A.B. asks: 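Here you go, one structure.
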Amino acid sequence: MGTLSALTVNLLIVVVFVVVVYVGLRIAQSIFGTSSKKAAATEVAAKLVSYPTGSSAVLRRRFVRALTGQHVVMPSGERLAFGELTVRVAPEDLERLDPDGDLERLGEDGARLYAAHAERCGWAVPRQVRVTVEVDPGLRSGWIPPARGSGRAEPAQREARPAVGWDAVPEAAAPRPAAVPPVLRPAKIQPALDPDATVNYPALVRDIEDAAPTMNVSSGLRLERDGRTYAIERAGTVLGRLPESPVAFAEPEVSYRHLAIRLQGVQWQVKDLGSTNGTTVDGRRIDGEDWTTIHQGSVIALAGVRVTASIDTAGTVHLQDVSRR
């Protein structure tokens with residue numbers, strides 16, 4: 001009986017310890033404005049615990065890692081380098097990184113290093129990269145926390161596409177590749193359409209019983225929160241506390257990069273980006289492995305913060321007798 005009581009007490013102690021650590025990390029995450037509990041723990045350790053520096057070469061490698069690990073991943077998978085980064089060092093470490101203590105020169109070296117690394121990795125790099133080195137008296141010797149990035153390169157420019165509407169077939173059709181002979185049917189011949197004229201549509205369908213072809217028209221997406229409506233671009237976006245998020249989130253429980261949105265064919269889909277507190281769609285938790293299709297009225301909850309999807313009706317448009325302008 002005594003053994004059982006001791007086991008229960010030890011288990012309660014462990015549970016209380018875990019709860020205290022979790023709450024402490026949440027508070028630190030809110031104070032330091034970090035996107036994860038791991039980053040918050042790093043900030044706390046950097047201000048409380050001395051980190052053995054070893055040689056100057058070891059310290060320089062930490063400086064390099066603090067810079068080169070920072071970039072933005074778009075929903076398409078494209079990676080964008082930051083245009084401005086700020087890296088902090090302890091006063092004791094500045095002289096070991098630069099014998100003259102020249103912050104400007106150290107920043108210029110860091111900018112060249114970061115831009116070269118981004119190009120080797122195939123990231124989109126801004127025309128100018130600027131690195132600012134700050135001396136933070138609150139840091140303990142040996143700690144160089146991850147750099148904080150702002151600004152970023154623009155995603156690769158996509159080929160301009162016509163707007164979805166009745167101007168489905170342009171007046172001047174572009175030269176087409178070698179034509180495939182049309183399929184003949186009794187008393188009817190399928191009309192040949194320029195494939196470039198329907199590049200904006202995910203599927204071109206020829207109705208079996210109707211000589212007039214149709215095409216699927218993709219829908220638009222708006223997100224509603226607190227009585228305000230936000231339009232989502234067809235190129236996709238990322239929701240979270242990052243400045244580029246089309247829906248603003250100030251809640252600390254929402255991760256910096258929380259949720260990705262994309263248009264796949266005529267369907268809008270979402271995927272959790274490994275957020276700290278998770279995402280649900282219509283009450284069902286989604287993971288970061290697969291994309292989840294959303295529908296008109298779907299409720300998306302980012303760590304409990306709800307937004308509602310408003311989707312225009314998707315359907316098909318007959319191209320026969322469509323006026324050309």
Side-chain angles (χ1 to χ4, degrees), residues 35 72-80 82-83 124 150-168 170 197-203 215-251 253-275 277-284 286 288 290-317 322 325:
S35 59
V72 176
V73 182
M74 299 297 290
S76 61
E78 183 180 7
R79 297 174 185 267
L80 312 180
F82 285 108
S150 61
R152 66 183 189 191
E154 291 297 325
Q157 295 295 321
R158 304 178 186 274
E159 182 181 355
R161 296 181 175 182
V164 176
W166 290 106
D167 294 330
T198 56
V199 69
N200 195 40
Y201 307 100
M215 60 190 161
N216 292 338
V217 180
S218 56
S219 56
L221 172 65
R222 296 181 301 278
L223 296 180
E224 300 175 358
R225 182 190 178 199
D226 298 334
R228 297 188 62 183
T229 301
Y230 306 86
I232 303 301
E233 296 183 357
R234 296 178 181 275
T237 189
V238 173
L239 298 185
R241 290 190 291 106
L242 73 167
E244 294 81 5
S245 175
V247 183
F249 295 93
E251 293 81 358
E253 59 268 26
V254 177
S255 294
Y256 189 78
R257 297 181 69 258
H258 196 110
L259 180 76
I261 301 178
R262 74 175 184 182
L263 178 62
Q264 183 71 5
V266 296
Q267 294 182 327
W268 287 95
Q269 299 177 332
V270 298
K271 182 170 72 171
D272 187 86
L273 294 177
S275 63
N277 298 305
T279 304
T280 62
V281 174
D282 295 330
R284 182 174 62 85
I286 62 175
D290 301 311
W291 290 90
T292 300
T293 300
I294 58 176
H295 307 282
Q296 168 65 23
S298 288
V299 177
I300 307 167
L302 291 73
V305 181
R306 295 154 56 102
V307 294
T308 303
S310 178
I311 302 177
D312 298 333
T313 302
T316 58
V317 174
V322 173
R325 290 182 291 168

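Since we're looking at a predicted model, the values are computed, not measured.
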A.B. asks: Excluding sequence neighbours, so at least two apart, what forms side chain to side chain donor-acceptor pair (under 3.5 Å) with Ser275?
C.D. replies: His258, Asp272

A.B. asks: Taking all non-hydrogen atoms of both residues into account, name the closest pair between Gly297 and Asp282 and its distance.
C.D. replies: O-OD1, 4.3 Å

A.B. asks: Using 0.5 Å steps for rounding, measure from the CG atom of Leu273 to the CG atom of Leu259.
C.D. replies: 6.5 Å

A.B. asks: Nearest 0.5 angstrom please: Thr237 OG1 to Leu221 CG, how far?
C.D. replies: 10.5 Å

A.B. asks: State which residues pass side chain to side chain donor-acceptor pair (under 3.5 Å) with Ser310; sequence neighbours excluded, sorted by chain then number.
C.D. replies: Arg222

A.B. asks: Does a side-chain heavy-atom distance below 4.5 Å link Leu223 with Leu239?
C.D. replies: yes

A.B. asks: Measure the spacing between CD1 of Ile232 and CD1 of Ile261 and express it to the nearest 0.5 Å.
C.D. replies: 5.0 Å

A.B. asks: Tell me the closest heavy-atom pair linking Glu224 and Thr229, and the distance in Å.
C.D. replies: CG-OG1, 3.8 Å

A.B. asks: Val270 versus Thr279: any side-chain heavy-atom pair under 4.5 Å?
C.D. replies: no

A.B. asks: Can you name the nearest heavy-atom pair linking Val247 to Arg225, along with the distance?
C.D. replies: CG1-CD, 4.2 Å

A.B. asks: Can you tell me how far CZ of Arg262 sits from CZ of Arg234, rounded to the nearest 0.5 angstrom?
C.D. replies: 15.5 Å

A.B. asks: Under the side-chain contact (heavy atoms from CB on, under 4.5 Å) rule, what do Leu80 and Met74 come out as? Steps first, then yes or no, please.
C.D. replies: CA-CA 8 Å; Leu80 312 180; Met74 299 297 290; 3.6 Å; yes

A.B. asks: For residues Val238 and Leu242, report the shortest heavy-atom separation together with the two atoms involved.
C.D. replies: O-CD2, 4.0 Å

A.B. asks: How about CD on Glu233, more than 12 heavy atoms from neighbouring residues, nucleotides or ligands closer than 6.0 Å, or not?
C.D. replies: no

A.B. asks: OH/Tyr256 to CZ/Arg241 distance, rounded to the nearest 0.5 angstrom?
C.D. replies: 8.5 Å

A.B. asks: So, for Pro75 and Gly236, which heavy atoms are closest and what is the spacing to 0.1 Å?
C.D. replies: CG-C, 4.5 Å

A.B. asks: Within the distance-only criterion (no hydrogens, no angle test), does the side chain of Ser255 pair as donor or acceptor with the backbone N or O of Arg257 below 3.5 angstrom?
C.D. replies: no

A.B. asks: To the closest 0.5 Å, what do you measure between OG1 (Thr293) and CD1 (Ile311)?
C.D. replies: 9.0 Å

A.B. asks: Report yes if the side chains of Arg284 and Thr292 come closer than 4.5 Å at any heavy-atom pair, otherwise no.
C.D. replies: yes

A.B. asks: What pair of heavy atoms forms the shortest contact from Val254 to Leu302, and how long is it?
C.D. replies: CG2-O, 3.7 Å

